[in-house]
There are 2 protein chains.
Amino acid sequence: MLNSTSLTTEARTRLEEYLLKKGLRRSSERFAILEEVYSRDDHFDAEDLYQAMHHRAFAVSRATVYNTLDVLVDCGLVRKNQFGDEDNTKSRFEKALGRQQHAHLICVNCHRVIEFCDPRLQLIKTTVGDTLQFQVESHSLVFYGECADEACVARTKAAANLQ
Amino acid sequence: MLNSTSLTTEARTRLEEYLLKKGLRRSSERFAILEEVYSRDDHFDAEDLYQAMHHRAFAVSRATVYNTLDVLVDCGLVRKNQFGDEDNTKSRFEKALGRQQHAHLICVNCHRVIEFCDPRLQLIKTTVGDTLQFQVESHSLVFYGECADEACVARTKAAANLQ
DNA sequence: TTGATTGCAAACCGTTTGCAACGCC
DNA sequence: GGCGTTGCAAACGGTTTGCAATCAA
């Protein structure tokens, strides 16, 4: 199995090949951002990434963050999600390499994101595509609800009592 | 089975009860907007609704559109979707009464929205909730792909040839 | 009467864009 | 050297908010 280091290496190689193939430049910003993305295991937004780059002492502009995320999504190294939860506008990203496709559970109280897989989703995809003559390319499945995390439950209960 | 007229009647009654229960006012704007929402069968955004109200000669402000949509979503008369397609920012709404829960297919070319149901989604929901101790309240399943509509396929092919 | 609701416009916020400076090829 | 990329700030677009006028209760 791939560990985190070799994953990053693989990602770097893939990005190089992609840039070469597309005639795009291998700027240091792009590789630095890829590095940061592959060092994390969460679902981050563009601003998180922007801040993280500053803490990394590799300050890039927001424009570059957005531009690079587009590139990384386009070459399959990053997945872009729009969770319709508390903040329906901003996108959240996650690294894509070495991870199987999955769906998300989002706690409407603490906004925790939990990943899960279920083979039946693939079956639905196939059925639907065949039945409706639709070439399904990707999907987004999100469940919204309340998680069982103690701190979250306690906080929610306390908030309910205030009303 | 309920026809469109009685659906609207039922919706109006439900809104009245909800407003009463919550101590909110039964303003004419709210009922006029409900009327418009229940006269349509599509997935519309806030601006669509705003424009439609003007054509209806019942001009309301955008603020009222947003406020009323919130109310209608809250009392279960309208469903709010965030399809992460061409326009990842704006929400799209649909009436909720008299329609079973469903998922969406979105054509990445023509942005057509197709609805479908699959009982296996419910099974996944149950499994996931049980396994991860998560109280699932709602879901959003969207498949992205290419639809088989002739005009759409022709247009897409033509666009591809231009490159 | 009075407090919720409306309309208007300004503010908000994530994202995109225009343009000059920069640096990879 | 040429052109893709970057950084900055301004623009954009959907949504929210502040406030005065309005109106349901």
Side-chain angles (χ1 to χ4, degrees), chain A residues 12 15-34 36 43-54 56-75 78 80-93 111, chain B residues 12 15-34 36 43-54 56-75 78 80-93 111:
Chain A
R12 213 183 296 116
L15 178 56
E16 289 213 313
E17 287 169 356
Y18 173 86
L19 295 175
L20 219 60
K21 192 184 66 188
K22 290 268 186 177
L24 301 174
R25 292 190 182 158
R26 289 174 287 168
S27 72
S28 54
E29 288 84 356
R30 284 174 174 158
F31 287 96
I33 290 175
L34 180 71
E36 170 60 27
H43 299 78
F44 55 90
D45 60 38
E47 184 66 19
D48 293 334
L49 190 48
Y50 173 76
Q51 296 298 340
M53 293 309 291
H54 278 253
R56 238 174 209 266
F58 198 115
V60 296
S61 70
R62 288 189 178 79
T64 300
V65 166
Y66 281 103
N67 166 23
T68 303
L69 280 171
D70 276 351
V71 169
L72 296 180
V73 167
D74 199 57
C75 66
V78 165
K80 179 177 185 171
N81 307 290
Q82 339 263 355
F83 301 143
D85 60 332
E86 95 267 39
D87 194 330
N88 54 18
T89 66
K90 72 184 169 195
S91 300
R92 291 207 250 158
F93 304 85
H111 310 299
Chain B
R12 214 183 295 115
L15 178 56
E16 290 212 314
E17 287 169 358
Y18 173 86
L19 295 174
L20 220 60
K21 192 185 66 187
K22 290 267 184 176
L24 301 174
R25 292 189 182 160
R26 288 174 286 168
S27 72
S28 53
E29 288 82 358
R30 283 173 174 159
F31 288 95
I33 289 175
L34 181 71
E36 170 60 27
H43 299 77
F44 55 90
D45 59 40
E47 184 66 18
D48 292 334
L49 189 48
Y50 173 77
Q51 295 298 339
M53 293 310 291
H54 278 254
R56 240 174 207 264
F58 198 115
V60 296
S61 70
R62 288 189 178 79
T64 300
V65 167
Y66 282 103
N67 166 23
T68 302
L69 281 171
D70 276 351
V71 170
L72 296 180
V73 167
D74 199 57
C75 66
V78 165
K80 179 176 186 173
N81 307 290
Q82 339 263 357
F83 301 143
D85 59 333
E86 94 268 38
D87 195 330
N88 54 19
T89 66
K90 73 184 169 196
S91 300
R92 292 208 249 158
F93 304 85
H111 310 299

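Distance CG (B/Leu19) to C1' (C/dT5): 12 Å, rounded to an integer number of Å. Atom pair A/Leu72:CG and D/dT5:P shows a separation of 13 Å (rounding to whole Å applied). To the nearest angstrom, C1' of D/dG14 lies 9 Å from CG of B/Asp45. Distance NE2 (B/His54) to C1' (C/dC8): 12 Å, rounded to an integer number of Å. In this structure, the CG atom of A/Asp48 is 15 Å from the C1' atom of C/dT15, given to the nearest Å. Distance A/Tyr50 OH to C/dC13 C1': 15 Å, rounded to the nearest Å. What separates CZ of A/Phe31 from C1' of D/dT5 is a distance of 14 Å, to the nearest Å. The interatomic distance linking A/Lys21 (NZ) with D/dG4 (C1') rounds to 18 Å, in whole Å.
The side-chain heavy atoms of A/Met53 and A/Thr64, taken from C-beta on, include no pair separated by under 4.5 Å. Residues B/Leu49 and B/Phe93 are not in side-chain contact: their nearest non-hydrogen atoms beyond the backbone lie 4.5 Å or more apart. Side-chain atoms of A/Phe58 and A/Ile33, non-hydrogen and from C-beta on, never get closer than 4.5 Å to each other. By the 4.5 Å heavy-atom criterion applied to side chains, B/Leu20 and B/Arg26 are counted as neighbours.
Residue contacts shown for B/Asn67 are limited to sugar-phosphate atoms, with no base heavy atom under 4.0 Å away. Counting non-hydrogen atoms under 4.0 angstrom, B/Glu47 reaches nothing in the nucleic acid.
At least one donor-acceptor pair under 3.5 Å links the side chain of B/Asp45 to the backbone N or O of B/Glu47. Listed for the A/Asp70 side chain is no donor-acceptor partner under 3.5 Å among the backbone atoms of A/Asn67. In this structure, the side chain of A/Arg12 does not engage the main chain of A/Leu34 through any donor-acceptor pair within 3.5 Å. Between the side chain of A/Arg62 and the backbone N or O of A/Ala46, no donor-acceptor pair lies under 3.5 Å.
Close to D/dT15, at under 4.0 Å from its OP1 or OP2, lies a side-chain N or O of B/Ser91. Between D/dT16 and B/Tyr66, no contact under 4.0 Å exists linking OP1 or OP2 to a side-chain N or O.
Annotation: salt bridge (charged side-chain N to carboxylate O under 4.0 Å, His left out) contacts of A/Glu29 (sequence neighbours excluded): none.
Taking five base pairs at each end of the helix from C/dT1-D/dA25 to C/dC25-D/dG1 and finding the rotation axis that steps the C1' atoms of four pairs onto the next four gives two axes whose angle is 30°, to the nearest 10°.
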5' to 3', nucleotides 18-25 of chain D under a 4.0 Å protein heavy-atom cut-off (B base, S sugar-phosphate only, - none) gives -----BBS
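Mapping B/Arg62 and A/Arg30 onto DNA chain D via the closest heavy atom, the residue that lands nearer the 5' end is A/Arg30.
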